[in-house]
Number of protein chains: 2
Amino acid sequence: MEENKHVTIYDIAERLNLATSTISRALKDHHTISDKTIKKVKKTAEEMGFVPNTLAAGLRGNKTKTIGVLIPTVTQPFLSSLISGIEITAQKSDYTVIIMQSHDSYEEEVNMAKSLYSNRVSGVICSLAMETRDTAHFHQFSNNNIPLVFVDRVPKDYNTFRVVIDNYTAGYKATKHLIEQGCIRIAHITAGSELGNLYNERKRGYIEALKDHNVDIDEKLIINLNSVTYEDGVKASNALFDLDPIPDGLFAPGDILAVSAVQTAKKRGIKVPEEFKVIGFNNDPISQIIDPNLSTITHPAEKMGKAAAEIIIKNLKSSKNDDAKEITFLNTEVLARESTQK
Amino acid sequence: MEENKHVTIYDIAERLNLATSTISRALKDHHTISDKTIKKVKKTAEEMGFVPNTLAAGLRGNKTKTIGVLIPTVTQPFLSSLISGIEITAQKSDYTVIIMQSHDSYEEEVNMAKSLYSNRVSGVICSLAMETRDTAHFHQFSNNNIPLVFVDRVPKDYNTFRVVIDNYTAGYKATKHLIEQGCIRIAHITAGSELGNLYNERKRGYIEALKDHNVDIDEKLIINLNSVTYEDGVKASNALFDLDPIPDGLFAPGDILAVSAVQTAKKRGIKVPEEFKVIGFNNDPISQIIDPNLSTITHPAEKMGKAAAEIIIKNLKSSKNDDAKEITFLNTEVLARESTQK
DNA sequence: TATTTTTACGCAACCGATTGCATTTGTTGT
DNA sequence: ACAACAAATGCAATCGGTTGCGTAAAAATA
């Protein structure tokens with residue numbers, strides 16, 4: 001059992017008969033160190049298998065080159081793509097990413113925020129838990145000048161960076177697309193949520209599009225859900241199909257819901273898209289698997305991740321206390337596929 | 001701009017006129033500290049908004065209560081479920097999880113392993129990158145007594161913990177299922193990979209099942225891929241459908257491949273399962289979305305994650321140098337759905 | 001050659017929590 | 001009332017890089 005103690009700069013210093021400060025600077029190509037020494041140090045460090053202790057550096061400098069990511073779950077395609085984007089950008093600037101899942105629980109979110117703070121992350125990227133109504137647990141970051149970026153599910157009353165899509169416009173576009181495909185009784189599924197007002201926004205877009213195109217707004221066609229699981233979607237769809245007449249279109253604010261509607265329709269012998277057209281949201285992988293292929297709204301997950309990480313890194317570099325916490329809007333598009341074909 | 005400096009145990013000590021050692025111990029319910037003091041300290045800590053600095057503790061104790069996870073990507077359903085399992089277990093014991101993606105690149109894997117080591121993770125859970133042929137970059141963990149668990153895509157010649165399924169048996173079961181459903185010309189798609197020999201194992205199971213049931217082994221029905229993307233699957237399927245006669249069954253070692261085969265079949269007017277039965281692998285979400293629903297082999301991702309994390313934590317607690325690095329096998333099952341119905 | 005400037009490196013404090021050991025306070029026994 | 005012992009707390013070193021400041025050596029200038 002080789003119990004190699006970690007190699008430190010002290011070990012290198014001793015071997016080369018230099019001061020630790022010299023080693024430290026040499027490893028960072030500090031200009032006051034001669035090229036000869038730098039080469040010598042680096043070579044020796046390599047030979048001895050030196051790996052810097054991030055903790056020590058972080059403790060001393062009170063910064064860690066770590067970005068904390070706090071999201072509901074990693075298993076949703078949108079969120080795992082978001083992570084992917086964050087990670088790609090972070091890695092380019094040599095940042096490490098810590099990922100924590102709130103599982104949409106407020107309590108867990110509070111704990112994990114504390115844990116991230118405890119780990120002295122340099123910046124935080126967060127998509128709020130469904131349950132979250134209060135954002136006080138993020139003050140610890142704001143107050144200590146730790147850049148904080150909310151993504152997608154963002155609080156509306158918090159002065160910090162936000163990376164989002166324009167949910168209103170996206171909802172409008174989706175609904176307009178259905179209208180253009182000939183729908184006149186368009187249903188909508190929505191979900192209640194105080195802080196993450198994205199469903200409300202999508203609904204607003206839906207309503208406005210109906211108004212603008214003189215399509216009747218029928219409250220019976222709007223179903224309100226507490227969560228957006230497949231099962232909820234099935235229930236909502238069945239409720240819609242129990243109506244007489246059934247709606248001829250549906251704007252579902254998520255592909256899972258849309259897929260559940262398509263499958264429920266098929267089960268009940270309702271033809272998609274002939275009798276019932278559906279447009280989803282997110283462009284999840286399943287949207288291309290289902291038959292008929294699902295029309296949907298693109299949700300630029302990876303781009304959003306990259307944008308969020310870039311904001312953090314840029315902010316960390318400039319270290320100016322930019323009070324301007326801008327909101328970044330990314331584009332969405334209608335992806336017309338089979339499920340809304342005329 | 002409130003520039004709150006972080007509250008430390010020194011601040012608490014000063015306020016209460018106690019030594020930092022007392023504070024530190026009080027916060028951990030050390031038995032040598034009186035209940036009165038403990039309560040007082042905890043209350044004050046709470047009031048002052050104290051959050052322990054993980055870095056300082058980690059530096060001092062040379063342990064961080066952090067588990068490093070090094071996987072190809074977070075966007076695959078299997079891997080994101082794996083993470084989920086790891087996270088759930090880790091959280092129960094108050095461990096933090098750092099996730100890094102190798103993107104199936106050997107070079108990135110080497111770098112990130114170094115980064116994890118640099119961050120002094122307490123343990124490491126890894127699923128190897130496709131490219132990886134050499135595991136020397138994991139010695140730094142083994143040599144320093146940092147528990148290392150490989151999951152799913154594991155090296156065969158490395159004496160450390162491994163959590164896997166029995167790919168051979170799974171492949172055997174899948175193939176046997178097709179035979180039982182009446183298939184006699186069963187195709188198979190496989191992928192080359194030195195270290196992660198799981199495709200080879202699945203193929204072995206396929207071959208053995210054919211032999212055991214006196215079904216002809218036809219090399220033309222075995223397609224070898226370099227990667228397992230949807231596009232590759234389409235190519236492979238088309239190659240199979242170009243044969244005359246076409247195979248009547250396919251064991252695809254991944255649901256993406258299986259789905260691509262089903263869709264390709266449908267496009268070419270081949271009826272699934274009547275003319276062509278397919279069984280996949282993993283039980284990804286898409287397997288329940290596709291029409292017909294895909295028969296598949298369960299792959300207990302979350303369980304594997306939990307098991308891996310438990311091994312790490314258990315090992316860290318006992319701190320015995322267990323030389324017995326056991327291999328944990330988890331069960332798989334055939335999930336018979338529509339795509340293999342008689 | 002003496003003096004100023006530049007270059008290269010060393011010294012030591014520092015970050016914040018932990019912990020072995022020393023010390024003080026409190027309690028029990030006689 | 002005093003030794004003997006237990007309980008509660010303090011002291012100070014430690015983990016490993018980082019960095020401001022000081023200084024010796026080398027190079028440039030007078």
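Order of the sequence lines fixes the chain letters, A, B, ..., with proteins taken first and strands second; residue numbering starts at 1 for each chain. Just so we're clear, the structure is a prediction, and the values are computed from it rather than from any experiment.
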Subject >> Main-chain N/O of A/V151 paired with A/R153 side-chain donor or acceptor, under 3.5 Å >> reply: no
**OP:** Could you tell me whether a side-chain N or O of A/Q101 sits under 3.5 Å from a main-chain N or O of A/V74, the two making a donor and an acceptor?
**Re:** yes
Original post:
Any side-chain N or O of B/T22 less than 4.0 Å from the OP1 or OP2 oxygen of D/dG10?
Top reply: yes
Original post:
Over how many whole Å does the gap from B/Y10 atom OH to D/dC11 atom C1' extend?
Top reply: 11 Å
Original post:
C/dA17 phosphate, OP1 or OP2: any side-chain N/O from B/S21 under 4.0 angstrom?
Top reply: no
Subject >> Length of the CG-P vector between B/L27 and D/dT9, whole Å >> reply: 13 Å
**OP:** Find the distance A/L55:CG to D/dG17:P and express it as a whole number of Å.
**Re:** 10 Å
Original post:
Could you state the CZ-P distance from A/R25 to C/dC9, rounded to the nearest angstrom?
Top reply: 11 Å
**OP:** Would you kindly compare A/A56 and A/K63 by the position of their nearest DNA chain D nucleotide and give the one closer to the 5′ end?
**Re:** A/A56
**OP:** Whole angstrom is fine here: how far is it from NE2 in B/H30 over to C1' in C/dA17?
**Re:** 14 Å
Original post:
Quick one: is C/dT18 close enough that its OP1 or OP2 comes under 4.0 Å of any side-chain N or O from B/S24?
Top reply: yes
Original post:
Touch check for A/I23, heavy atoms < 4.0 angstrom, all strands: base, sugar-phosphate only, or nothing?
Top reply: nothing
Original post:
Are a donor atom and an acceptor atom from the side chains of A/S105 and A/H103 found within less than 3.5 Å of each other?
Top reply: no
Original post:
Quick one: the side chain of B/R120 and the base of D/dG17, do they pair up donor-acceptor inside 3.5 Å?
Top reply: no
Original post:
So, for A/H139 and A/Y117, is the gap between ring centers shorter than 6.0 Å?
Top reply: no
Original post:
CD1 of B/I12 versus P of D/dT9: gap in Å, rounded?
Top reply: 15 Å
**OP:** Taking A/S93 for its side chain and A/Y95 for its backbone only, find out whether a donor-acceptor pair lies under 3.5 Å.
**Re:** no
Original post:
So, the side chain of B/T160 versus the backbone of B/L148: is there a donor-acceptor pair under 3.5 Å, distance only?
Top reply: yes
Original post:
Is the base of D/dG16 touched by the side chain of B/R60 through a donor-acceptor pair closer than 3.5 angstrom?
Top reply: no
Original post:
For DNA chain C, what residues of residues 36-45 of chain A have any heavy atom nearer than 4.0 Å?
Top reply: A/T37
Original post:
Base, sugar-phosphate, or nothing for B/N17, non-hydrogen atoms under 4.0 angstrom?
Top reply: sugar-phosphate
Original post:
Closer to the 5' end of DNA chain C via nearest nucleotide, is it B/N53 or A/I33?
Top reply: A/I33
**OP:** Give one of base, sugar-phosphate or nothing for A/T32, where a contact means two heavy atoms less than 4.0 Å apart.
**Re:** base
Original post:
How would you label the contact of B/L18 with the nucleic acid (heavy atoms, under 4.0 Å): base, sugar-phosphate, or nothing?
Top reply: sugar-phosphate
Original post:
Are the side chain of A/R133 and the backbone of A/M130 linked by a donor-acceptor contact shorter than 3.5 Å?
Top reply: yes
